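Below: one structure, written as structure tokens.
All values derive from a computational prediction rather than experimental measurement. Reckoned from all heavy atoms, side chains included, excluding hydrogens, waters and symmetry mates.
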Amino acid sequence: MGENKKPDEDEETGLLVAVFLSLALGLAYAYVIRDNGKPETWGSLVIAGIVGFAAGHFGGKGETVPLAVAVAAPLATYLGLLLGIALLLVHPWNGDFSDAWKVFTDDFGQLAKAFKSEAEPKDWIMLLAGAPVGYFCARGAVD
């Protein structure tokens with residue numbers, strides 16, 4: 001069955017894997033942050049590696065999938081990080097995901113400013129390093 005696939009179909013599958021797996025892992029990362037009790041940025045490398053290998057495996061040999069991973073994985077990590085901060089904010093009052101989501105959507109700018117003001121240079125390096133990690137993992141999964 002898979003022998004009749006066109007290269008475009010592989011690329012589409014790889015793009016879907018890149019986007020949805022990034023979002024799912026970003027959401028899971030928010031809960032990791034909540035459970036650890038503090039925001040950490042190491043997850044960018046882990047998420048980028050996992051998404052890169054998975055999307056690259058399904059995405060064929062084109063450049064589109066690795067580039068999509070290079071954008072989607074760090075972005076999903078950043079959004080997961082901000083959602084994790086929102087989960088930390090509502091946790092002392094027994095808040096759940098819906099409360100955190102309300103904080104995330106209503107005060108997104110404030111969450112971003114809070115992270116920006118507290119982030120150290122290594123935090124930004126870790127977040128941005130997810131882009132080349134994801135790219136090269138996606139490229140490596142094809143070969």
Side-chain angles (χ1 to χ4, degrees), residues 2 5-143:
K5 278 186 156 182
K6 298 176 189 171
D8 287 345
E9 290 174 353
D10 286 341
E11 193 169 89
E12 291 169 3
T13 303
L15 289 172
L16 287 173
V17 168
V19 170
F20 288 112
L21 187 57
S22 292
L23 291 174
L25 290 176
L27 179 61
Y29 187 54
Y31 281 95
V32 168
I33 290 170
R34 186 203 64 188
D35 292 342
N36 285 344
K38 63 180 180 174
E40 297 179 12
T41 54
W42 55 263
S44 179
L45 303 177
V46 175
I47 291 172
I50 293 170
V51 172
F53 280 123
H57 176 72
F58 290 105
K61 295 186 184 244
E63 284 291 313
T64 306
V65 172
L67 290 174
V69 171
V71 172
L75 180 61
T77 304
Y78 181 67
L79 294 175
L81 180 71
L82 295 181
L83 183 57
I85 293 170
L87 284 165
L88 286 173
L89 290 173
V90 300
H91 188 68
W93 297 279
N94 293 326
D96 59 3
F97 180 80
S98 64
D99 298 323
W101 185 255
K102 184 162 177 51
V103 170
F104 179 77
T105 56
D106 291 349
D107 299 322
F108 183 81
Q110 294 297 334
L111 287 171
K113 285 179 187 176
F115 176 72
K116 183 179 175 185
S117 67
E118 295 295 322
E120 298 175 10
K122 72 173 180 74
D123 294 325
W124 293 109
I125 290 170
M126 292 290 266
L127 279 173
L128 296 176
V133 167
Y135 177 86
F136 287 113
C137 286
R139 295 288 296 163
V142 173
D143 298 336

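What you find for Gly56 and Ala141 is that their closest heavy atoms are C-CB, 3.8 Å. Contact between Ala70 and Ala131 at its shortest, heavy atoms only, is O-CB, 3.4 Å. Closest approach of Val69 and Ala55 over heavy atoms only: CG2-CB, 3.7 Å. Across Ala86 and Ala100, no two heavy atoms sit closer than the pair CB-O, 3.5 Å. The two atoms that bring Lys61 and Arg139 nearest to each other are O-NH1, 3.6 Å, heavy atoms only. Of all heavy-atom pairs spanning Leu15 and Ala68, the tightest one is CD2-CB, 3.4 Å.
A distance-only check finds a donor-acceptor pair linking the side chain of Asp96 to the backbone of Asp99 [under 3.5 Å]. Of the possible polar contacts, none joining the Ser44 side chain to the Thr77 backbone as a donor-acceptor pair under 3.5 Å is found.
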Task: Stepwise side chain to side chain contact (heavy atoms under 4.5 Å, CB included) test for Leu83 and Trp101 - done: CA-CA 7 Å; Leu83 183 57; Trp101 185 255; 4.1 Å; yes
TODO: Determine, stepwise, if the pair His91 / Leu88 fulfils side chain to side chain contact (heavy atoms under 4.5 Å, CB included).
DONE: CA-CA 5 Å; His91 188 68; Leu88 286 173; 5.6 Å; no
- [ ] Go through the steps to decide whether Phe97 and Leu27 satisfy the test side chain to side chain contact (heavy atoms under 4.5 Å, CB included), and finish with yes or no.
- [x] CA-CA 11 Å; Phe97 180 80; Leu27 179 61; 3.7 Å; yes
Open item on the list: Show, in sequence, the C-alpha distance, side-chain angles and deciding distance for Phe115 and Leu127, and conclude whether the side chain to side chain contact (heavy atoms under 4.5 Å, CB included) test is met.
Closed with: CA-CA 12 Å; Phe115 176 72; Leu127 279 173; 3.9 Å; yes
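You'll find the side chain of Leu89 stays beyond 4.5 Å of the side chain of Asp107, heavy atoms only. A heavy-atom distance below 4.5 Å is found between the side chains of Leu67 and Tyr135. Between Leu79 and Phe104, some side-chain heavy-atom pair lies under the 4.5 Å cut-off. Proximity of Val19 to Leu23: side-chain heavy atoms (C-beta onward) are separated by under 4.5 Å at one or more points. The shortest distance between side-chain heavy atoms of Ile33 and Leu87 does not fall below 4.5 Å.
Interatomic distance, CG of Leu128 versus CD1 of Ile125, reported as 8.5 Å (0.5 Å rounding). Rounded to the nearest 0.5 angstrom, Asn36 CG and Trp42 CH2 are separated by 6.5 Å. Atom CD of Glu118 is separated from atom CD1 of Ile85 by 9.0 Å, given to the nearest 0.5 angstrom.
In this pair, Tyr78 and Trp124 present their aromatic rings tilted. The plane angle is within the 30 to 60° band.
Environment of CZ in Phe108: crowded, with over 12 heavy atoms of neighbouring residues, nucleotides or ligands closer than 6.0 Å.
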